[in-house]
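First the proteins, then the strands, lettered A, B, ... as listed; each starts at 1. The figures that follow rest on heavy atoms only: side chains count, while hydrogens, waters and symmetry mates do not.
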Amino acid sequence: MTGDGKDMEQWSAEKINAFRQTLLDWYDKEGRDLPWRKDHDPYHVWVSEIMLQQTQVNTVIPYYERFMKTFPTVDALAKAPADKLLKAWEGLGYYSRARNLQRAAQEIVIDRHGQWPTTAAGLQELTGIGPYTAGAIASIAFEEPVPAVDGNAFRVFSRLLEIDADIAKPESRGVFFDAIQAVIDPQRPGDFNQAIMDLGSSYMTAVNPDSEHSPVKAFNQAYLDGHELDYPVKTPKPRPVPINYFALVIQTPAGYLLTQRPSTGMLANMWTLPLVKETDLLVDDETALPETDELIRRAAATFEEDTGIELSLTPVSSRKVTHTFTHQKWQIQLLVTQLTKTPDLSLFPGQAIQETAFDEYVMPVVQQKMWRNYQKWQQRGDKS
DNA sequence: CAAACGTGGGC
DNA sequence: TGCCCAAGTTT
């Protein structure tokens with residue numbers, strides 16, 4: 001094992017031709033009928049590919065349908081208000097995708113006078129389009145015979161050819177790109193790439209594959225050797241780091257206090273309850289671990305010092321919400337507070353918002369979790 | 001290049 | 001609950 005794929009299977013020209021025919025025959029019969037497969041319009045292909053990054057098909061479908069009604073053309077997308085765009089992306093995650101999507105729309109409409117690049121190399125110049133998406137659009141919309149190397153392609157070809165290059169390493173992309181380039185059907189590159197994706201999400205899945213019934217069973221060397229689950233080789237990612245927060249529920253006559261997150265970083269520009277990170281609390285004595293009640297008092301005090309808004313924590317009510325991101329696990333203690341007087345919001349980095357207006361603001365899932373939890377507490381009158 | 005960047009589903 | 005997975009790109 002060299003670990004770089006150099007000892008992979010090599011296919012003859014005859015075998016390559018047989019594979020193409022088998023794969024495309026199956027795709028013509030069993031390929032999925034998806035909303036973005038009704039035509040090969042580059043706008044449709046592009047938006048769907050961006051949405052599908054690290055996201056499952058069933059999640060994307062309703063977002064895609066709504067998105068196309070809201071922003072039917074690349075011009076509409078280029079001109080859209082940023083908050084309207086983010087609202088359309090709300091709940092889909094990886095929100096920089098939405099920002100980059102609009103930047104690329106503007107690059108096409110303004111810089112390129114509405115002309116799409118028609119090659120993978122050209123497409124990759126657009127913001128948010130990397131090597132995979134460039135290959136997907138180029139092959140599907142413009143019939144360029146170029147691989148679209150995504151997670152499915154990594155998994156499928158690692159098994160077909162017993163490629164043992166570690167797919168977690170960026171340097172492995174070239175090994176797979178070259179291998180697929182040699183096999184891709186130059187007559188139907190878009191269908192070939194999409195067939196590989198369909199194969200990867202049906203028979204040749206990561207867990208519980210069903211290669212026995214796969215149309216390309218006879219080409220699946222790893223399966224034939226009884227080592228299917230040894231592929232793809234992939235080093236695991238680090239576990240999410242736990243981070244403790246306090247979230248403050250502060251009701252004023254004008255509504256609940258919400259803060260807008262910074263324009264960069266996690267959940268950029270989105271609205272949440274005011275969050276205080278436990279490690280940001282002022283600690284005079286670093287040796288002693290403060291009691292929970294003391295931490296709660298310090299969280300409230302920190303917020304008061306930052307905003308000039310005075311709170312009362314009586315009756316103190318707290319509930320816990322956890323939300324796991326790719327690299328962080330937030331453990332949030334919800335603190336329901338009362339105001340001691342009408343707050344001066346001049347220093348507060350947010351707004352008082354009536355609950356009935358929440359749906360006009362873009363909120364991440366973690367905020368929706370916190371809010372549902374608070375509502376449940378309210379209804380039950382659970383003061384514990 | 002390693003790390004940041006969301007969310008939902010399956011076991 | 002925890003862990004892995006799902007049509008990746010940017011910095």
Checklist entry - From the list C:dG8, B:dC1, B:dC5, which nucleotide is the closest neighbour of the side chain of A:M266? => result B:dC5
Checklist outcome for this item: side chain to side chain donor-acceptor pair (under 3.5 Å) pairs touching residues 57-83 of chain A, sequence neighbours excluded, are none
Checklist entry - Is there a donor-acceptor contact under 3.5 Å linking the side chains of A:Q328 and A:W330? => result yes
Next on the checklist: At a heavy-atom distance below 4.0 Å, what parts of residues 115-131 of chain A sit against DNA chain C?
Outcome noted: A:T127, A:G128, A:I129, A:G130, A:P131
Checklist entry - So does A:T59 reach the base of B:dG8 with its side chain, donor to acceptor, closer than 3.5 Å? => result no
Item to check | Within the 6.0 Å centroid threshold, strictly below: A:F176 and A:F154 | outcome: yes
Checklist entry - How far, in whole Å, is B:dG8 from C:dT9 if one measures between their P atoms? => result 22 Å
Checklist entry - Under 4.0 Å between a side-chain N/O of A:H323 and OP1 or OP2 of B:dG6, yes or no? => result no
Checklist entry - Residues from residues 205-217 of chain A sitting under 4.0 Å of DNA chain C, heavy atoms only? => result A:A206
Checklist entry - Is there a residue in residues 75-94 of chain A whose heavy atoms reach under 4.0 Å of DNA chain B, and which residues are they? => result A:G91, A:L92, A:G93, A:Y94
Checklist entry - P atom, B:dC5 versus C:dA6: distance in rounded Å? => result 23 Å
Checklist entry - In terms of side-chain heavy atoms, does A:Q21 have a donor or acceptor partner in A:N17 at a distance below 3.5 Å? => result no
Next on the checklist: Restricting to side chain to side chain contact (heavy atoms under 4.5 Å, CB included), what partner residues turn up for A:D306, sequence neighbours left out?
Outcome noted: A:T302
Checklist entry - What do you reckon, are the aromatic ring centroids of A:W116 and A:F142 less than 6.0 Å apart? => result no
Item to check | Residues in contact with DNA chain B, drawn from residues 19-28 of chain A - heavy-atom cutoff 4.0 Å | outcome: none
Item to check | B:dA3 to C:dC4 separation - P atoms, rounded to the nearest Å | outcome: 16 Å
Checklist entry - Below 4.0 angstrom from OP1 or OP2 of B:dT7, is there any side-chain N or O of A:Y95? => result yes
Checklist entry - Heavy atom of residues 30-57 of chain A under 4.0 Å from DNA chain B: which residues? => result A:Q54, A:T55, A:Q56
Give every donor-acceptor pair under 3.5 Å between a side-chain atom in residues 245-259 of chain A and any protein atom, sequence neighbours left out.
unit_1, atom_1, unit_2, atom_2, d
A:Q251, NE2, A:Y256, OH, 3.4
A:T252, OG1, A:A254, N, 3.0
A:T252, OG1, A:G255, N, 3.2
A:T252, OG1, A:G255, O, 2.8
A:Y256, OH, A:Y374, OH, 3.1
A:T259, OG1, A:T272, O, 3.4

Item to check | Listed partners of A:E171 passing side chain to side chain contact (heavy atoms under 4.5 Å, CB included), at least two apart | outcome: A:K169
Next on the checklist: Could you check, using the six-membered ring where one of them is a Trp, whether A:H323 and A:F325 have ring centers closer than 6.0 angstrom?
Outcome noted: yes
Item to check | Qualifying side chain to side chain donor-acceptor pair (under 3.5 Å) pairs with a residue from residues 176-195 of chain A, counting only residues at least two apart or across chains | outcome: A:D28-A:R188, A:R37-A:Q194, A:S139-A:N193, A:R188-A:D191
Item to check | Stretch residues 177-199 of chain A: residues that reach within less than 4.0 Å of DNA chain B through a heavy atom | outcome: none
Next on the checklist: Going by side chain to side chain contact (heavy atoms under 4.5 Å, CB included), name the residues that satisfy it together with A:D39, two or more places apart in sequence or in a different chain.
Outcome noted: A:D41, A:H44
